[in-house]
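A short worksheet on the structure shown next.
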Amino acid sequence: MTTKKLLTGLLIILSLAGYSQDSARQKISVKINTELLGEWQGYPVNSAISSPALIRTNRANSSALPIGFDSVTDNPYRHGALYMAVKTLVQFREKLFLKADLYCEYRGFSYGSYHNNNRVLYPVLQLDARDTIRLAKKKLAVEGSVGQYLDVKEDEGIMIYNIDLQGASFKLGSGSYEFRYVIYADLFNSIGLNIDDFHSVSIRKYFTGRNSYLGFSYYSAAPPGTEHRFHSYYNLFGSVGLNNKNTFYVQASYLNLFTKNIYPDFKGVQKQLAFLAGVETRQTSKHIVFSNRLELRYYGMYYNLFHTDPALRYREPVTGWNGMYGNTTGKYLYPLRKSNTAFSQWAVFTEYAGYRIWAISDAGNLSVNADKKLGIELDYDINFIDARLDKIFYPEPGKTHSSFVYPFFKLAFNYFDVKELKASLFVSNRTMNLDIGYPTAYLLKRPFAGVSILFRI
């Protein structure tokens with residue numbers, strides 16, 4: 001859909017809501033929210049990064065870029081980038097819900113006011129429907145959805161979490177049971193997971209207060225042109241919520257392998273299994289807000305094979321170092337809002353193809369407001385990854401083991417003159433990059449200073 005058509009549609013909807021008769025107004029409600037974020041990061045072009053030698057070597061060997069992945073070449077926030085999102089929610093009879101958001105990005109002040117590669121405009125659309133029907137004296141809750149989804153999480157997040165996807169879903173509920181089918185389209189393009197379409201079929205049982213549940217799901221996540229039966233995943237998952245402050249969750253996933261006589265060395269429960277356990281906490285008081293998510297992950301050496309695309313990146317192709325500067329858009333887009341996404345994503349672990357992985361992540365936010373105008377805020381995202389290569393791959397000496405910690409942080413001093421506006425002076429060691437096939441972060445060896453403005457109404 002073109003931007004012109006989207007804006008026309010939004011104007012029609014708003015006109016109907018504003019000028020319809022009173023009876024129609026009772027059926028339609030419209031909510032509009034606006035968000036603007038502007039940020040500048042003050043580090044030099046050749047700021048050195050800290051990352052596992054294995055990852056830097058693999059990226060350099062598989063990429064056509066003229067870099068060694070040991071420094072930050074260029075990214076929009078170094079030039080003072082900003083984005084604005086106008087978010088609308090149109091609700092009809094509490095059964096139909098249309099989310100129509102429009103994002104406008106200005107990816108840096110260094111390239112001139114009207115540079116064609118410096119401005120980005122794109123919509124995010126989602127249509128949800130829900131209703132209740134009776135079938136054989138049973139009351140059934142039916143829900144459907146189609147469109148684009150931001151920061152998706154499927155089940156407890158063993159594979160699909162912290163990424164943006166497009167697709168459709170169908171959900172059917174009766175009593176404490178729920179059936180759900182989801183398809184996410186094309187995880188090959190724009191997000192380098194080398195999956196054609198991702199299918200999920202799940203059933204879950206809710207317990208007292210619906211704060212806790214237990215479920216089973218089946219995934220199909222095949223690369224383009226391959227058979228789905230060779231890329232099938234069986235999952236058990238559950239969650240327990242306590243006192244609206246703590247949530248414990250777990251998921252185990254088993255990958256179905258090739259037929260009996262193909263690649264027998266890849267078989268074995270420890271090689272085909274993935275596991276996730278986590279706890280999420282939120283505490284609030286008059287002046288302090290604290291949230292934290294702690295997770296433990298395990299991926300068997302076969303589980304992540306075939307799910308990476310080292311050739312995908314978010315720049316135009318270049319052959320020389322000078323071509324990296326001012327090159328912040330390409331065939332696919334790394335949205336500026338994704339720079340604030342947690343580092344942990346399944347794509348992070350798929351880069352360790354053939355490795356058995358243990359990982360721990362601890363991410364959270366501590367916000368302390370001294371009075372109505374001043375505050376201090378700490379964002380942290382600490383990730384430990386230990387990866388060992390299976391002996392069947394006959395690795396080169398010194399490449400059998402990789403162990404690394406990503407201690408990301410952002411310490412901000414905030415000023416809010418009005419409730420909707422927050423200005424920050426911050427110190428951080430995390431920045432975005434545009435050089436690999438999924439939106440992730442670079443860890444800088446030396447922290448940098450920056451400023452940001454956040455406006456919400």
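We number each residue from 1, following the sequence as shown.
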Step by step, would you call Phe349 with Ile385 a side chain to side chain contact (heavy atoms under 4.5 Å, CB included)? CA-CA 9 Å; Phe349 305 108; Ile385 301 176; 4.0 Å; yes
Could you walk me through whether Leu127 and Lys99 pass the side chain to side chain contact (heavy atoms under 4.5 Å, CB included) test, one step at a time? CA-CA 6 Å; Leu127 177 65; Lys99 299 176 184 178; over 6 Å; no
Worked verdict on Arg59 versus Glu351 for salt bridge (charged side-chain N to carboxylate O under 4.0 Å, His left out): CA-CA 9 Å; Arg59 290 176 180 177; Glu351 285 200 84; 2.8 Å; yes
Please test Tyr106 against Met84 for side chain to side chain contact (heavy atoms under 4.5 Å, CB included), starting from the C-alpha separation and ending with a verdict. CA-CA 9 Å; Tyr106 193 74; Met84 183 178 73; over 6 Å; no
Could you go through Ser291 and Asn365, starting from their C-alpha distance and side-chain angles, then the distance that decides it, and tell me whether this counts as side chain to side chain donor-acceptor pair (under 3.5 Å)? CA-CA 5 Å; Ser291 61; Asn365 172 272; 4.9 Å; no
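A cation-pi arrangement is present between Arg297 and Tyr161, with the terminal nitrogen or guanidinium carbon under 6.0 Å from the aromatic centre and inside a 45° cone about the axis. Figure legend: cation-pi geometry between Lys205 and Phe179 absent, as NZ or CZ is not positioned both under 6.0 Å from the six-membered ring centre and within 45° of its axis. With a 6.0 Å cutoff to the six-membered ring centre and a 45° limit on the axis angle, Arg430 counts as a cation-pi contact of Phe408. A cation-pi contact links Arg130 to Phe97, judged by a cut-off of 6.0 Å to the six-membered ring centre and 45° from its axis.
The residues Lys422 and Glu377 are annotated as salt-bridged, a charged nitrogen and a carboxylate oxygen being separated by less than 4.0 angstrom. Arg315 and Asp74 are not joined by a salt bridge, as no carboxylate oxygen comes within less than 4.0 angstrom of a charged side-chain nitrogen. Taking a cutoff of 4.0 Å between a charged side-chain nitrogen and a carboxylate oxygen, Lys410 and Asp381 do not qualify as a salt bridge. Residues Arg337 and Asp151 are paired through a salt bridge, judged by an N-O separation under 4.0 Å between the basic side chain and the carboxylate.
Residues Arg446 and Ser47 have side chains not in contact (no heavy-atom distance under 4.5 Å, counting atoms from C-beta outward). Counting heavy atoms from C-beta outward, Tyr442 and Phe69 have side chains that approach closer than 4.5 Å. At least one side-chain heavy atom of Glu35 sits less than 4.5 Å from a side-chain heavy atom of Lys87. Counting heavy atoms from C-beta outward, Phe426 and Phe448 have side chains that approach closer than 4.5 Å. Two residues are said to be in side-chain contact when any heavy atoms from C-beta on lie closer than 4.5 Å; Asn414 and Phe416 meet this criterion. Counting only heavy atoms from C-beta outward, the side chains of Phe343 and Gln345 never approach each other to under 4.5 Å. In this structure the side chain of Tyr352 never reaches within 4.5 angstrom of the side chain of Thr350, judged on heavy atoms.
If you check the side chains of Tyr249 and Glu280, you find no donor sitting under 3.5 Å from an acceptor. In this model, a donor atom of one side chain and an acceptor atom of the other lie less than 3.5 Å apart for Asp386 and His401. If you check the side chains of Asp309 and Asn194, you find no donor sitting under 3.5 Å from an acceptor. Judged by distance alone, the side chains of Thr431 and Tyr77 never bring a donor and an acceptor atom under 3.5 Å apart. Between the side chains of Asn189 and Asp186, a donor-acceptor pair is found at a separation under 3.5 Å. Side chains of Tyr380 and Asn292: a donor on one and an acceptor on the other come within 3.5 Å.
To the nearest 0.5 Å, the span separating CG on Leu273 from OH on Tyr303 amounts to 8.5 Å. Put simply, CD on Gln166 and CG on Asp164 are 10.5 Å apart, with the number rounded to the nearest 0.5 Å.
A donor-acceptor pair under 3.5 Å is absent between the side-chain atoms of Asn246 and the main chain of Leu242, judged by distance alone. Proximity of a side-chain donor or acceptor of Trp346 to a complementary backbone N or O of Ile158 within less than 3.5 Å is not detected. Listed for the Asn118 side chain is a donor-acceptor partner under 3.5 Å among the backbone atoms of Gly108.
Atom CG of Asp371 has more than 12 heavy atoms from other residues, nucleotides or ligands within 6.0 Å. More than 12 heavy-atom neighbours from other residues, nucleotides or ligands sit within 6.0 angstrom of NZ on Lys153. Around the CD1 atom of Ile376, the shell of radius 6.0 Å holds more than 12 heavy atoms that belong to other residues, nucleotides or ligands.
Across all their heavy atoms, Pro76 and Leu434 have their closest contact at CD-CD1, 4.0 Å. The two atoms that bring Tyr184 and Arg180 nearest to each other are OH-NH2, 4.0 Å, heavy atoms only.
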Report, one line per pair, each donor and acceptor closer than 3.5 Å where one atom sits in a side chain of residues 215-222; sequence neighbours left out.
from	atom 1	to	atom 2	distance (Å)
Ser217	OG	Asp155	OD2	2.7
Ser217	OG	Asn235	ND2	3.3
Tyr218	OH	Ser232	OG	3.0
Tyr219	OH	Asp155	OD2	2.5
Tyr219	OH	Gln251	NE2	3.3
Ser220	OG	His228	ND1	2.5

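In this structure Arg313 satisfies the salt bridge (charged side-chain N to carboxylate O under 4.0 Å, His left out) test with no other residue, sequence neighbours excluded. With sequence neighbours left out, the side-chain hydrogen bond (donor to acceptor under 3.5 Å, both in side chains) criterion links Ser239 to no other residue.
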